[in-house]
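Okay, so here's the structure we're looking at.
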Amino acid sequence: MPEQNGSNELLIRQAHVLDPSTGLDGIMDVRLSSGHIAEVGDGLRGPRELDADGLHLFPGFVDVHAHWRTPGREDEEDIQSGSAAAAAGGFTGVVLMPNTAPIVDRPVMVSGLVRRVERESRVRAHVSAALHVGLAGERLTEMRLLKQAGAFCVSDDGLGTASAGVLRNGMLYARSAGLPVILHCEDHTLATGVVHDGVAASLAGLPGSPASAEDAATATALILAAETGAKVHITHVSTALSAALVGFFQDRAAVTADTTPHHLTLTEDLVSTLDGLYSVNPPLRPGSDRGGVERALRDGVLDFVATDHAPHASEEKELPIEEAAPGFLGHETAFATLYTDLVLSDRLSLSRLLEAMSCAPGRWVGGGGSLAVGAPADLTLVDLSEEWTVGRDTLVSRSSNSPYLGRTLKGRVVGTIVGGEPVHDRTGAKFGVHA
Ligand SMILES: [Zn+2]
Ligand SMILES: [Zn+2]
């Protein structure tokens with residue numbers, strides 16, 4: 001987290017403030033003091049002012065699914081570069097997944113990582129721990145001790161759970177320990193291919209995994225969530241059927257769900273390139289699934305967007321698609337891709353996008369996602385008119401495996417503020433900090 005400066009005061013003048021959680025929508029001034037939002041109104045004055053005329057001011061984005069590769073693969077990303085990438089994408093809060101090397105499955109690792117992110121991260125970073133020791137789907141981790149050590153939630157992300165019985169026990173224990181469970185739903189007896197089992201895979205001659213690999217696991221997880229009462233979050237929903245299943249259980253279980261920017265904007269057609277860059281799990285789906293997921297996000301069946309930011313070294317991605325490591329960078333392009341592809345084509349309103357990127361995930365992590373007076377001063381400043389092209393030189397992440405390389409997008413994050421302090425600044429020298 002950034003050091004607090006002496007004055008602890010910043011006045012953002014004449015931004016177009018948009019916050020679905022409070023209903024704010026219009027040109028106004030926002031005064032920040034002591035890390036919180038102190039005042040919203042007209043004609044405010046402050047000792048340190050930022051002229052935001054022409055910019056939009058949103059509650060900071062919150063990403064509940066990120067891989068910063070620490071510990072173990074700092075050649076791909078670390079807390080410094082991952083949090084800089086998050087800040088560059090307008091994210092003020094992030095949940096880190098535990099499938100690092102070694103895996104975060106013991107209290108001492110959780111407490112060590114919590115101390116490190118407090119020192120090294122530019123944004124608020126919540127540490128999650130494994131649900132099962134070694135992500136092996138056999139022995140449950142010591143969740144009560146993990147929580148005492150600072151774990152925010154538990155997840156075996158990267159893998160599905162081997163059996164329903166094991167998952168049910170995990171949910172019961174997580175519930176008694178007071179920890180939410182983030183689930184990557186994948187049935188590995190069905191997911192035997194490398195891409196979605198559809199037309200594109202057939203044409204390319206690639207082994208496919210059927211959509212049922214995700215749908216069957218999602219159905220199991222939802223049934224068990226309803227039965228156990230555990231707080232369950234289903235991440236990276238990528239099929240129309242899984243989204244519909246989430247809708248069925250929305251009022252029957254303590255369940256939330258997200259989908260990713262890439263499953264909302266890309267389809268299996270990219271598989272025809274055979275390029276390892278497009279390997280991702282769950283795989284890119286047909287247009288009918290993309291459309292179903294988009295509808296579910298628009299209708300609020302899918303509560304929010306999470307990026308599954310997954311940096312990989314070039315030698316793991318510059319391979320044929322069947323050999324490449326699955327995963328995409330996500331933090332830096334999330335807002336611009338969704339704004340360009342969904343909002344500008346009138347398929348999603350800007351306020352629904354903000355609800356999905358800021359308000360709902362902010363509520364889920366228990367802070368942020370609101371510009372209400374008294375809330376933490378976690379904000380994102382965006383220039384909706386700026387066009388930019390995604391390139392290796394624009395990326396702050398240590399890796400460059402973005403599926404949007406070369407794409408021209410509209411809407412760019414120009415400033416990110418966490419606890420009243422700028423952590424990313426493309427506004428010039430106005431904040432007096434360097435990005
Ligand atoms: Zn996953
Ligand atoms: Zn992941």
Side-chain angles (χ1 to χ4, degrees), residues 62-73 76-77 82 85-86 89 91 94-101 103-105 113 125-132 135-137 152-162 167 170 180-188 190-191 193-196 209 211 213-218 220-221 232-239 242-243 246 256-264 266 278-285 293 302 304-312 316-317 324-331 333-334 361 364-365 397 399 401-403:
V62 176
D63 192 349
V64 306
H65 191 149
H67 302 270
W68 286 356
R69 303 302 188 212
T70 294
R73 286 306 302 267
E76 296 182 329
E77 199 79 290
F91 290 95
V94 165
V95 177
L96 301 178
M97 291 295 123
N99 61 337
T100 47
I103 289 155
V104 183
D105 58 6
L113 203 52
H126 304 280
V127 171
S128 56
L131 179 60
H132 293 96
L135 307 182
F152 180 76
C153 59
V154 283
S155 180
D156 283 349
D157 182 50
L159 293 170
T161 303
L167 182 57
V181 185
I182 295 184
L183 287 178
H184 163 130
C185 291
E186 180 178 9
D187 182 323
H188 295 285
L190 292 166
V194 294
V195 295
H196 173 79
S209 288
E214 177 174 340
D215 298 333
T218 302
T220 301
V232 169
H233 179 74
I234 306 214
T235 192
H236 51 47
V237 171
S238 74
T239 72
S242 283
V246 169
T256 49
D258 71 66
T259 186
T260 71
H262 47 274
H263 289 110
L264 286 161
L266 305 176
Y278 300 115
S279 169
V280 68
N281 189 16
L284 297 177
R285 304 288 189 188
V293 167
L302 295 179
F304 45 88
V305 169
T307 73
D308 197 1
H309 178 82
H312 281 294
E316 295 179 352
K317 291 301 273 183
F328 296 155
L329 297 185
H331 290 326
T333 52
W364 196 84
V365 300
S397 168
S399 295
N401 54 305
S402 168

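Every number for a ligand or one of its atoms is a count from 1 in the order of the listing. Worth saying up front: this structure is predicted, and the values here are computed from it rather than measured.
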Item to complete: Check H67 and report its N/O/S atom nearest to the Zn ion (ligand 2), by atom name.
Response: NE2
Would [X] and [Y] count as having a side-chain donor-acceptor pair, cut-off 3.5 Å?
| X | Y | result |
| --- | --- | --- |
| E77 | S397 | yes |
| H262 | D308 | no |
| D63 | H309 | no |

Fill in: By side chain to side chain contact (heavy atoms under 4.5 Å, CB included) - contacts of D215 (at least two apart)
A211, T239, L241, S242
Discussion item. Checking L135 now: which residues fulfil side chain to side chain contact (heavy atoms under 4.5 Å, CB included) with it, not counting sequence neighbours?
Written reply: N99, I103, A130, D156, L159
Worksheet entry | Contacts of type salt bridge (Lys or Arg N to Asp or Glu O under 4.0 Å), residue E316, not counting sequence neighbours | R73
Worksheet item: Which protein N, O or S atoms does the Zn ion (ligand 1) have within a distance shorter than 2.8 Å?
Response: D157 OD1, H184 ND1, H236 NE2
